[in-house]
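Just the heavy atoms: all of them, side chains too, but no hydrogens, waters or symmetry mates, feed the values below. Quick caveat, the model's predicted, so the values are computed rather than measured.
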Amino acid sequence: GFSRIQKEKYVNSWQNNLLKDFEPIIRGMTVSQGELLVRLVDREIGKSSYDIVKDYKNGIAASFWQGVAKLFKQDLKAHYDPEGVDAPTEELIRKWEDGEFEYLYFSIFGEMPQRTEVPSKYR
């Protein structure tokens, strides 16, 4: 196993790499896009963003970011609810997974959706 210091160095290294690669995208998000990202993280991982920060950093950091989220009327402890509040999002995800999303997007906006490129090392 890792010592506490080894774990901190490893987590900090990953955090720095992720921030370098994704910070420009995240900073450009609206509050509602950030909320959707938090909920989609929970959908994919099965853990709230709060719990992820708490597990990989600590409870103080998780509480700090929860406080920041609350300033924007958001909740990092929120869980994805595919049958409730997130049902419209789940429907769009199903369309994406079935290859129908681009056609739906085009029918609404008259153009194809922009692509966000994920660096190859994260694919």
Side-chain angles (χ1 to χ4, degrees):
F2 287 112
S3 72
R4 183 183 61 79
I5 292 180
Q6 288 172 316
K7 178 185 170 192
E8 284 180 20
K9 284 183 179 181
Y10 180 77
V11 169
N12 287 339
S13 171
W14 264 100
Q15 178 181 331
N16 290 337
N17 286 331
L18 288 168
L19 282 174
K20 181 179 63 137
D21 292 335
F22 291 100
E23 186 176 20
I25 295 167
I26 292 171
R27 282 195 182 274
M29 287 182 171
T30 64
V31 171
S32 60
Q33 288 171 328
E35 178 183 20
L36 180 60
L37 176 62
V38 164
R39 296 179 81 79
L40 290 174
V41 165
D42 182 72
R43 179 185 186 272
E44 290 300 312
I45 297 174
K47 275 186 165 183
S48 71
S49 293
Y50 178 88
D51 287 334
I52 293 168
V53 173
K54 185 177 176 187
D55 289 349
Y56 288 95
K57 291 300 267 180
N58 56 55
I60 294 170
S63 294
F64 170 79
W65 288 112
Q66 174 70 347
V68 171
K70 289 290 185 182
L71 291 174
F72 293 96
K73 298 184 171 97
Q74 305 302 319
D75 183 4
L76 297 183
K77 295 179 181 180
H79 290 285
Y80 187 80
D81 181 9
E83 309 217 346
V85 69
D86 295 310
T89 302
E90 189 66 21
E91 183 179 344
L92 290 174
I93 290 169
R94 284 195 195 112
K95 288 193 180 301
W96 178 269
E97 290 172 344
D98 293 342
E100 300 171 15
F101 182 82
E102 289 182 340
Y103 301 110
L104 173 64
Y105 188 96
F106 186 82
S107 73
I108 295 169
F109 299 107
E111 63 185 21
M112 297 306 274
Q114 290 182 342
R115 296 261 179 227
T116 299
E117 286 298 318
V118 175
S120 60
K121 66 183 173 183
Y122 298 111
R123 287 186 221 152

Do you know the tightest heavy-atom contact between His79 and Arg39? O-NH2, 3.2 Å
Are Leu37 and Met29 side-chain neighbours, meaning at least one heavy-atom pair lies under 4.5 Å? yes
NZ of Lys70 to OG of Ser63: how many Å apart, nearest 0.5 Å? 11.5 Å
Under 4.5 Å between side-chain heavy atoms, hopping through other hydrophobics if needed: is there a path connecting Trp14 to Phe22? yes
OG-NZ distance between Ser49 and Lys54, expressed to the nearest 0.5 angstrom: 14.5 Å
So is Lys77 actually on top of Tyr50's ring, under 6.0 Å and inside 45° of the axis? yes
Within 6.0 angstrom of Ile60 CD1, more than 12 heavy atoms from elsewhere: no
Before accepting this row, confirm whether a basic side-chain N of the pair Asp86/Arg43 lies closer than 4.0 Å to the acidic partner's carboxylate O. no
Can you tell if the side chain of Ile93 reaches within under 4.5 Å of the side chain of Leu40, non-hydrogen atoms only? yes
Atom pair CD (Glu100) and OH (Tyr103), whose distance is rounded to the nearest 0.5 Å: 9.5 Å
Hey, are Tyr56 and Gln15 close enough side-chain-wise for a donor-acceptor pair under 3.5 Å? no
Indicate yes or no: at least one non-hydrogen side-chain atom of Gln66 is less than 4.5 angstrom from one of Asp75. yes
Closest non-hydrogen atom pair, Glu8 against Arg4: OE2-NH1, 2.5 Å
Give a yes or no on this: more than 12 heavy atoms of other residues, nucleotides or ligands lie within 6.0 Å of atom CD of Glu83. no
Chi angles and distances behind the side chain to side chain donor-acceptor pair (under 3.5 Å) call for Ser48, Asp51: CA-CA 5 Å; Ser48 71; Asp51 287 334; 3.3 Å; yes
Distance, nearest 0.5 Å, that separates OH of Tyr105 from CD of Gln114: 6.5 Å
If you measure from CZ on Arg94 to CG on Leu92, what distance do you get to the nearest 0.5 Å? 10.5 Å
Side-chain heavy atoms nearer than 4.5 Å, only ILVMFWY residues, links allowed to pass through others: does that put Val41 and Leu76 together? no
According to a hydrophobic-cluster definition based on side-chain heavy atoms being under 4.5 Å apart (Ile, Leu, Val, Met, Phe, Trp, Tyr only), do Phe101 and Ile108 belong together? yes
Phe109-Phe106 co-clustered via ILVMFWY side chain contacts under 4.5 Å: no
Please examine the side chains of Asn12 and Lys57, heavy atoms only from C-beta on, and report whether any two atoms are closer than 4.5 Å. yes
Shared hydrophobic cluster, Leu36 / Tyr80 (ILVMFWY, side-chain heavy atoms < 4.5 Å): yes
Within 6.0 angstrom of Lys73 NZ, more than 12 heavy atoms from elsewhere: no
